Amino acid sequence: MALKGLDIFKVLPKTNCKKCGSPTCMAFAMKVAQGGIELEKCPDISAEALAQLSEASAPPMKSLTIGAGEGEYKLGGETVLFRHDKTFVSKSLYAVEVCQDCVDERLPQIKTIDYERIGERMIVDLIAVEYKGDKAAFLDTVKKAQGAGRTLILEVSDADAAKEAVELVKAGKPLLNGANESNWEAFNKIATDAGVVLGVSAKDLDSLYETVQKLEGAGNKNLILDVGSASVKDAFANTVQIRRAALKDGDRSFGYPSIVNLAKLAPNDPVQQLALASIFTLKYGSIIVLSSMTYAQALPLYGLRQNIYTDPQKPMKMEPKVYPVNGADENAVCAITVDFALTYFVVNGELERSGVPVNFIVADAGGYSVLTSWAAGKFSAGLIAKFFKEADIEGKVKNRTLIIPGKVAVLKGELEENLQGWKILVGPNEAVGLVKYLKDLK
Ligand code: SF4
């Protein structure tokens with residue numbers, strides 16, 4: 001539960017010494033309660049009070065880490081149910097499931113998903129290795145999956161096979177997903193000995209709650225809750241109920257990230273899996289396991305995730321620079337737009353479709369769309385000229401023809417004054433007109 005300013009004030013030394021930067025202890029307490037400053041900023045607070053308040057002010061949902069090195073991911077730590085209340089903290093992770101029968105076919109497919117979009121690398125984050133009753137084959141599959149360089153999920157409820165698999169790959173900090181009502185003690189020992197996060201499942205929510213409490217009682221709070229695979233309806237209801245119990249009701253026994261296995265909920269139906277993955281990205285799948293991942297699936301899904309897990313107050317921005325399109329060299333015509341990511345993708349798509357080589361210049365315009373940035377004075381002739389100088393556009397491109405968006409045709413005259421030696425052309429009002437415009441220009 002969130003702490004109130006008064007609760008915090010009660011344990012402060014109350015010397016109003018201002019060492020924390022606040023004028024009074026009460027002002028400091030109110031700031032801490034609002035999350036604006038950390039309690040530790042008061043150097044005079046006692047260790048007991050700090051420990052007591054840290055426990056009470058701990059976030060309602062645990063933050064966990066799985067994986068190691070480049071494959072390390074944060075899970076959980078969410079504080080709100082809706083992204084318009086506050087930015088979500090840990091993005092959903094996507095996993096592809098492999099087993100002894102399909103591992104050779106799926107691993108190469110997994111590696112093909114690797115691209116960058118708005119500064120974020122998009123890959124299959126995790127590989128889930130499924131145990132199918134044959135320990136030797138399972139261990140062999142784990143070794144093969146390990147070679148793909150992704151963090152692993154070990155989907156196994158047989159303690160003997162789990163122990164050996166964890167031993168093989170524990171340095172990579174996999175998620176061991178296999179504890180349930182009957183085997184939790186053995187799995188707790190395997191997971192805690194290896195220092196890995198443990199996935200817990202149960203026949204229903206009540207049993208899951210009880211099993212989590214038993215594990216917590218045994219000292220394990222490194223848990224991920226498996227929402228089950230009885231039906232899509234149950235899995236979704238469980239996922240939402242678990243998150244609401246943690247964040248709305250402050251029930252910390254459900255304050256853990258969740259894992260949902262769509263490969264089991266919608267087997268052999270990649271289209272349904274994709275639709276469900278979108279839903280669970282919104283509500284509230286921390287790890288989403290699919291049976292495959294192709295570009296056609298990845299593009300919309302990863303795009304959705306990027307939108308959901310970014311600050312809605314901050315527009316997504318492209319890096320301001322020259323992007324050569326269709327093999328453009330320094331002699332290709334130039335076209336300019338703003339750094340708002342959506343504008344970039346729409347315009348870039350049309351430029352590519354034209355087949356005409358273009359030096360596509362993305363200017364620093366505060367991340368706003370063309371008209372908004374122009375109205376806000378962030379896409380003016382003076383600022384564009386300044387950006388040309390700072391980014392050394394004239395040193396990079398020899399061509400001196402610049403196409404500007406039709407909606408800011410008003411900039412033409414001023415740009416001609418500010419960019420000496422450049423011929424300014426007014427492009428179409430909408431990006432969709434670029435293909436014809438460029439072909440006619442050619
Ligand atoms: Fe009060 Fe501590 Fe801030 Fe000093 S540093 S004003 S004692 S809260």
Side-chain angles (χ1 to χ4, degrees), residues 1-68 72-92 119 173 192 195 197 209 212-213 215-225 242-258 284 286 308-317 366-367 376:
M1 298 284 271
L3 277 172
K4 296 205 170 70
L6 206 55
D7 301 326
I8 298 163
F9 180 67
K10 279 182 196 156
V11 301
L12 291 175
K14 295 178 209 59
T15 55
N16 292 332
C17 64
K18 303 184 187 174
K19 282 188 232 164
C20 57
S22 299
T24 61
C25 297
M26 181 49 113
F28 175 75
M30 299 309 286
K31 235 177 169 182
V32 173
Q34 287 158 9
I37 195 167
E38 282 140 28
L39 206 48
E40 290 81 355
K41 287 274 154 40
C42 169
D44 297 330
I45 191 169
S46 71
E48 298 80 38
L50 192 61
Q52 182 197 335
L53 284 187
S54 298
E55 172 74 7
S57 64
M61 187 182 179
K62 271 279 266 172
S63 284
L64 302 174
T65 305
I66 59 167
E72 185 178 297
Y73 295 100
K74 288 252 173 294
L75 289 163
E78 303 300 343
T79 55
V80 291
L81 288 168
F82 306 105
R83 83 185 269 274
H84 54 259
D85 289 338
K86 211 172 178 190
T87 313
F88 287 160
V89 178
S90 306
K91 65 184 179 189
S92 304
K173 297 287 171 203
T192 47
V197 176
Y209 193 79
V212 168
Q213 289 207 314
L215 283 157
E216 286 181 326
N220 192 348
K221 291 192 175 179
N222 266 334
L223 306 173
I224 289 188
L225 310 182
I242 285 169
R243 186 66 60 92
R244 284 172 68 94
L247 299 192
K248 264 193 96 200
D249 308 334
D251 190 331
R252 300 233 168 106
S253 288
F254 269 167
Y256 293 99
S258 60
Y284 296 107
S286 309
I308 299 300
Y309 286 88
T310 45
D311 185 346
Q313 308 288 331
K314 283 193 208 146
M316 283 193 273
K317 289 176 17 178

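Sequence positions, counted from 1, serve as the residue numbers for this chain. Just so it is clear, the structure is predicted and the values come from calculations on it, not from any experiment. We count ligands from 1, going down the list as the structure has it; atoms in each ligand are counted the same way.
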Suppose we screen for side chain to side chain donor-acceptor pair (under 3.5 Å). Which residues come up paired with Tyr284, at least two apart in sequence or across chains?
none
Rounded to the nearest 0.5 Å, what separates atom CD1 in Ile308 from atom OG1 in Thr310?
8.0 Å
Expected output: side-chain Lys62 to main-chain Arg252 donor-acceptor under 3.5 Å
no
When you check the side-chain N and O atoms of Ser253 and Glu216, is any donor under 3.5 Å from an acceptor?
yes
Under a heavy-atom criterion of less than 4.0 Å, does Pro43 contact ligand 1?
yes
Minimal non-hydrogen separation, Pro60 against Leu247, with atom names
CG-CD2, 3.6 Å
Under 2.8 Å from atom 1 (Fe) of ligand 1, the protein N, O or S atoms, given as residue and atom
Cys25 SG
Of the options Glu78, Met61, Arg243, Lys74, which is the one that meets Pro257 in a side chain to side chain contact (heavy atoms under 4.5 Å, CB included)?
Met61
